[in-house]
Amino acid sequence: MDLGKINDVNPTPPDNTCPIGPRYCSNSRYRSSDGSCNNLQNPTWGMAQTPYGRLTMYNYADGISAMPISLTGRQLPNPREISVSLFPDKQLIDPVWNLNAQQWGQVVTHDMSLTAGVAQSHKDLLTCCDDNGQLAPDAAFNPSCAPIIVPPNDDIHAAQGTQCFNFVRTGTTRDRGCTPPHAPAQQISIVSSYMDLSMVYGANDLQADELRSYVGGRLKTLVRGGRQWPPQDSNVSLTCESALSPNEPCYLTGDLRVNQNPQLAILQIILLREHNRIADVLSRLNPFWDDETVYHEARRIHIAEIQHINYYEYLPIFLGFENMVRNKLIYPGATSYVNDYDPHVNPTILDEHATAAFRHFHTLIRGYLQMISENRKLVGAVRLSDWFNRPILIETNDVFDDLTRGLTAQPQHYSDQFWDSEITQYFFRRNKTYGEDLRAADIQRGRDHGLGNYISARAACNLPVPNTFEDMLDFISPENLEILRSLYETPEDVELVVAGSLERNVPNLQTGPTFLSIMTEQFYRTRVGDRYFYENGKDPETAFTPSQLESIRRGSSMARLLCDNADNIQSMQPRAFQQISDSNNLVACADLPTIDLSLWQETHASSHHISTLW
Ligand code: HEM
């Protein structure tokens, strides 16, 4: 299959600077915190606090912002009912890729988007459905409320007397007074779209300041038990709502979702430690560099390292190596710069990507997380829903390393329509027996954002456009199509979030054609629309030297990243998203390639002091 480049139906107008105001840019060597001024002609492209992009037209009941309804004028099928009917639990595991591949995907996601006004981890501040699962007064009156109603025949939840799950609508340009009266609401993402480690460094200057130690270019850490942890969040009872005491660890990083689950917190800490590791080496090599220079140079190297891992190690698993080469997302074997930056490409995160396609990988989540010792023996397992928003677990004994090895030794769930009940029955259960349903939330979020339907997404992707339910058989099985037909009244009602996740996977890949096409488009834009992308060498002020670039390419790997920053892991398989096997056996950490930071050593005379660069 060849994926043509996709055009936006209604791209965000370039002059749409509300609510952030115009930006005046100098040509800095370093990225801004919020992504502004990456594109010098369109300084707000990809910037935090701007609307998601769109491939398809909005679909609101009133054309402005009301939750969509069926073409017949009746309600769309209940999201919880769709979840139960089409996304049940069945434990099929991936034969090749490990849980690290799943978990790193969440890290990539958190780098690129975050819905405005929605907590995504701890409880939302607005109660549309209360803690006992009963509709709250705001449900009827507050336009930001769209609680998910539990159908009366729901085996699990109706039996408990649960009426609803809380659901708060994403903040939009209308909420912020930035949309003309009859124009559709545009949902806002509050982090930069660029792959710039905003979840480590923060997505605005204030947040970035708060995270810096201002000594030796380092990020702030707290040392407990001889190990570095992120600083403490000031509101433990809100942020880490499951903590039993305000003295429990509760982390503050560049992203408010950090405490959501233990494996996510581990990877955020690995990234925090990696920044400080790079900063310490740069400080030793260049003792005359001030804090500011070390911070920005370490951040710049760190982002390049992670971009390399993402494009050459992580994404090929999901988008396919050949597909990525053909569509110019990667250039394997390149020995010099790849000067493909295109200032006309808008890297803004697409709503179809963030709210439908990339969320499909919630299917990869496992409900129990294995703990594995250094000799790769199973030493325990924890239940995911016991540890949402309670990171104290990872500071206990050797759990940090045991869970990190678990990431690389436990298979991920197979990419299919089967979802682990830990996230469809027990999600955020907060010490109760049952919890919420992430799949139902994904479906409701698609409606909240007025996402175009499945048919229009296929049209936008230049794929065959189905006019009838039967036409969908090209990508969807007869069994699933029967269920779709029983749920939806017309083919036009069928939603992208739902049908996209039912498509048969493209051979050897992890999704069907529609999601593959959307994700390929997104990661093409993310690369080509980023002036600071690490392989770009056009501007000597922002480019790495050829030998630095070569070392980033040779020395960046997921395996080495884990080895360097876990507490005391001694060995790792070189391809750390893949299960250990005869062709991917454990090697000593020290034998894994590493970036040669001495290539950043400068003589005093040649060094650039940051103040000369602004
Ligand atoms: C244990 C792992 C994970 C948990 C508990 C989790 C949970 C969540 C939650 C609660 C939301 C917000 C739901 C809403 O709209 O109300 C969300 C959003 C999202 N998730 Fe996950 N997720 C996990 C892993 C992943 C993975 C592996 C991926 C992709 C590879 C992913 C991709 C996304 C995306 C793209 C969004 C939307 C982000 C935005 O634009 O705000 N998630 N997830």
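Order of appearance sets the numbers: ligands from 1, and atoms from 1 within every ligand.
Below 30°, between 30° and 60°, or above 60°: for His353 and Phe358 the angle between ring planes is below 30°, a parallel geometry. Tyr426 and Tyr434 have parallel rings, their planes meeting at less than 30° on a 0 to 90° scale where 60° marks the start of perpendicular.
Of all the heavy atoms of His362, the ones lying under 4.0 Å from any atom of ligand 1 belong exclusively to the side chain. Contact annotation for His353 and ligand 1: no heavy atom of the residue comes within less than 4.0 Å of the ligand. Contact annotation for Leu438 and ligand 1: only side-chain heavy atoms (C-beta onward) come within less than 4.0 Å of the ligand. Residue-level proximity to ligand 1 for Thr115 is carried by backbone and side chain together, each with a heavy atom below 4.0 angstrom. By the criterion of a heavy-atom distance under 4.0 Å, both the backbone and the side chain of Gln120 are placed next to ligand 1.
Taking the side chain as every heavy atom from C-beta outward, Gln410 and Asn98 never approach each other to under 4.5 Å. Asp34 is not listed as a side-chain neighbour of Ser192, based on a closest heavy-atom distance of 4.5 Å or more. At a threshold of 4.5 Å between non-hydrogen side-chain atoms, the residues Glu241 and Val236 do not count as touching. Side-chain atoms of Gln260 and Gln106, non-hydrogen and from C-beta on, do get closer than 4.5 Å to each other.
Scanning the protein for heavy atoms near atom 1 (C) of ligand 1, the closest one is Asn261 ND2, 3.4 Å. For atom 27 (C) of ligand 1, the closest non-hydrogen atom of the protein is Gln102 O, 3.0 Å. Nearest protein heavy-atom neighbour of atom 29 (C) of ligand 1: Phe358 O, 3.3 Å. At the shortest separation from atom 38 (C) of ligand 1 among protein heavy atoms lies Ser113 OG, 3.6 Å. The nearest heavy-atom contact from the protein to atom 34 (C) of ligand 1 is Thr109 CG2, 3.4 Å. Nearest protein heavy-atom contact of atom 35 (C) of ligand 1 is Ala354 O, 3.3 Å.
The shortest N or O to N or O distance between Arg445 and ligand 1 is below 3.5 Å. In terms of polar-atom proximity, defined here as any N/O pair under 3.5 Å, Tyr52 does make such a contact with ligand 1. Considering both main-chain and side-chain atoms, Gln106 comes within under 3.5 Å of ligand 1 through a nitrogen or oxygen pair.
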Apply side-chain contact (heavy atoms from CB on, under 4.5 Å) to residues Leu319 and Tyr524 and explain how you reach the verdict.
CA-CA 11 Å; Leu319 305 185; Tyr524 173 78; over 6 Å; no
Asn166 vs Asp124, test: side-chain contact (heavy atoms from CB on, under 4.5 Å). Steps then yes/no.
CA-CA 8 Å; Asn166 201 30; Asp124 283 306; 4.0 Å; yes
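At least one heavy atom of Phe427 sits closer than 4.0 Å to an atom of ligand 1.
Atom numbering of ligand 1 starts at 1 in the shown order; those under 4.0 Å from a heavy atom of Ile365 are 1 (C), 2 (C), 3 (C), 23 (C), 24 (C). Interface of Gly105 with ligand 1, defined as ligand atoms under 4.0 Å from a residue heavy atom, comprises 29 (C), 30 (C).
Taking the ring centre of Trp229 as origin, the terminal cationic atom of Arg273 falls inside the region bounded by 6.0 Å and 45° from the ring axis.
Neither side chain, Ser517 nor Arg458, offers a donor N or O lying under 3.5 Å from an acceptor on the other.
The two residues Cys145 and Leu126 make their nearest non-hydrogen contact at SG-CD2, 3.9 Å.
Comparing Gln260, Arg169, Arg359, Met519 against atom 13 (C) of ligand 1, the shortest heavy-atom distance belongs to Arg359.
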